[in-house]
Amino acid sequence: MAGYRSVVVLTGAGISAESGLRTFRASDGLWEDHRIEDVATPEGFARNPALVQDFYNQRRRQLASVEPNAAHRALADFERRFDGQFLLVTQNVDDLHERAGSENLLHMHGELRQARCVVTGEIAPQKGDILPESRCRCCGVAGNLRPHIVWFNEMPLYMDTIYDALADCDLFVAIGTSGNVYPAAGFVLEAKQNGAKTILLNLDEVDNASLFDQQIIGPASLKVSEFFGHL
């Protein structure tokens, strides 16, 4: 495996776009009819929880109509056969990596198929809609559930674990990311300063492309399979 002992992979919306999930920044993005402030901030949820719940209910329902693609499967296959340390960090809130078979996986921006109690912070699986009458298991109060999604002005999840892995890895690969959403856009610098080789696999040129040692342009379903198939 080219002598690598520890690999960290970051995935963004581009890897799921080929499965039919629209991306945040695409011209046809699912956010275009909603202001970010209305559906992706704690303040928006406080103002109009019904709007926010409906927005994420729709996203959650959409998961039933999509499947992992070749890029998701290639990462899961690599994890199974790699005999070193492997961590997959995703900015995506879908469950396509899990369904492809990835196991050592962290969702730094939360998960659509989980809900969180706004009082206790307890997290639980959430396959269906969150409705006004939905009660959380910990406190039993209707209206206390919110999507387990990291909104703007909230801290991404698992940051200590991610930075520890970046400090120890000797290969960092970013796939399908925009390169302008922090802190994820800065992961390449964390890995480089600790001596890791850095690779970008993306459909188009991105804002932080010059920070990587190597850039591979093309569809994730093709380029991820090729790269990890030969690693």
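Quick caveat: nothing in here was measured; it's all calculated off a predicted structure.
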Task: Donor-acceptor under 3.5 Å (Gln114 side chain, Ala124 main chain) - done: no
TODO: Keeping the roles fixed (side chain from Asn69, backbone from Ile15), state whether a donor-acceptor pair exists under 3.5 Å.
DONE: yes
TODO: Report yes or no: is the cationic atom of Arg47 (NZ for Lys, CZ for Arg) under 6.0 Å from the centre of the six-membered ring of Phe45, at an angle within 45° of the ring normal?
DONE: no
Open item on the list: Any side-chain to backbone donor/acceptor pair from His148 onto Gly110? Under 3.5 Å, distance only.
Closed with: no
TODO: Consider only side-chain N and O atoms of Asp170 and Ser6, and report whether a donor and an acceptor are under 3.5 Å apart.
DONE: no
TODO: Salt-bridge test for Arg73 and Glu79: reply yes if a basic N is under 4.0 Å from a carboxylate O, no otherwise.
DONE: no
Task: Check: Asp94 side chain, Leu96 main-chain N or O, donor-acceptor pair, under 3.5 Å - done: yes
Task: Lys192 with Asp213: basic N within carboxylate O range, under 4.0 Å - done: yes
Task: Donor-acceptor pair between Gln58 and Asp54 side chains, under 3.5 angstrom - done: yes
Open item on the list: Check this for me: does any side-chain nitrogen of one of Asp168 and Arg5 sit under 4.0 Å from a carboxylate oxygen of the other?
Closed with: yes
Task: Parallel, tilted or perpendicular, as decided by the 30° and 60° cut-offs, for the rings of Phe86 and Phe82 - done: perpendicular
Task: Donor-acceptor contact below 3.5 Å, side chain Asn202 vs main chain Gly176 - done: yes
Open item on the list: Distance alone, cut at 3.5 Å: any donor-acceptor contact between the side chains of Glu103 and His97?
Closed with: no
Open item on the list: I'd like to know if Asp129 pairs up with Arg61 as an ion pair, taking the criterion as any Lys NZ or Arg NE/NH1/NH2 lying under 4.0 Å from an Asp or Glu carboxylate oxygen.
Closed with: yes
Task: Nearest non-hydrogen partners of Ala70 and Ser225, listed with the distance - done: O-OG, 3.5 Å
TODO: Check whether Leu88 and Phe212 end up in the same hydrophobic cluster, where Ile, Leu, Val, Met, Phe, Trp and Tyr are linked by side-chain heavy atoms less than 4.5 Å apart.
DONE: no
TODO: Using modelled atom types only, decide if a donor and an acceptor are shared between the side chain of Tyr4 and the backbone of Gly84 within a distance under 3.5 Å.
DONE: no
Task: Same cluster (ILVMFWY, side-chain, under 4.5 Å), Ile199 and Leu75 - done: yes
Task: Plane angle bin for Tyr163 and Phe187 - parallel if under 30°, tilted between 30 and 60°, otherwise perpendicular - done: perpendicular
- [ ] Say whether, by atom type as modelled, one donor and one acceptor occur between the side chain of Thr120 and the main chain of Glu122 under 3.5 angstrom.
- [x] yes
Open item on the list: Has Arg113 got a side-chain atom pairing as donor or acceptor with Lys127's backbone, closer than 3.5 angstrom?
Closed with: no
Open item on the list: I'd like to know if the side chain of Glu154 and the backbone of Trp151 have a donor-acceptor N/O pair within less than 3.5 Å.
Closed with: yes
Open item on the list: Using modelled atom types and a 3.5 Å cut-off, is there a donor and acceptor pairing between side-chain atoms of Thr41 and backbone atoms of Gly44?
Closed with: yes
Task: Stepwise side-chain hydrogen bond (donor to acceptor under 3.5 Å, both in side chains) test for His72 and Glu98 - done: CA-CA 9 Å; His72 296 102; Glu98 289 93 333; over 6 Å; no
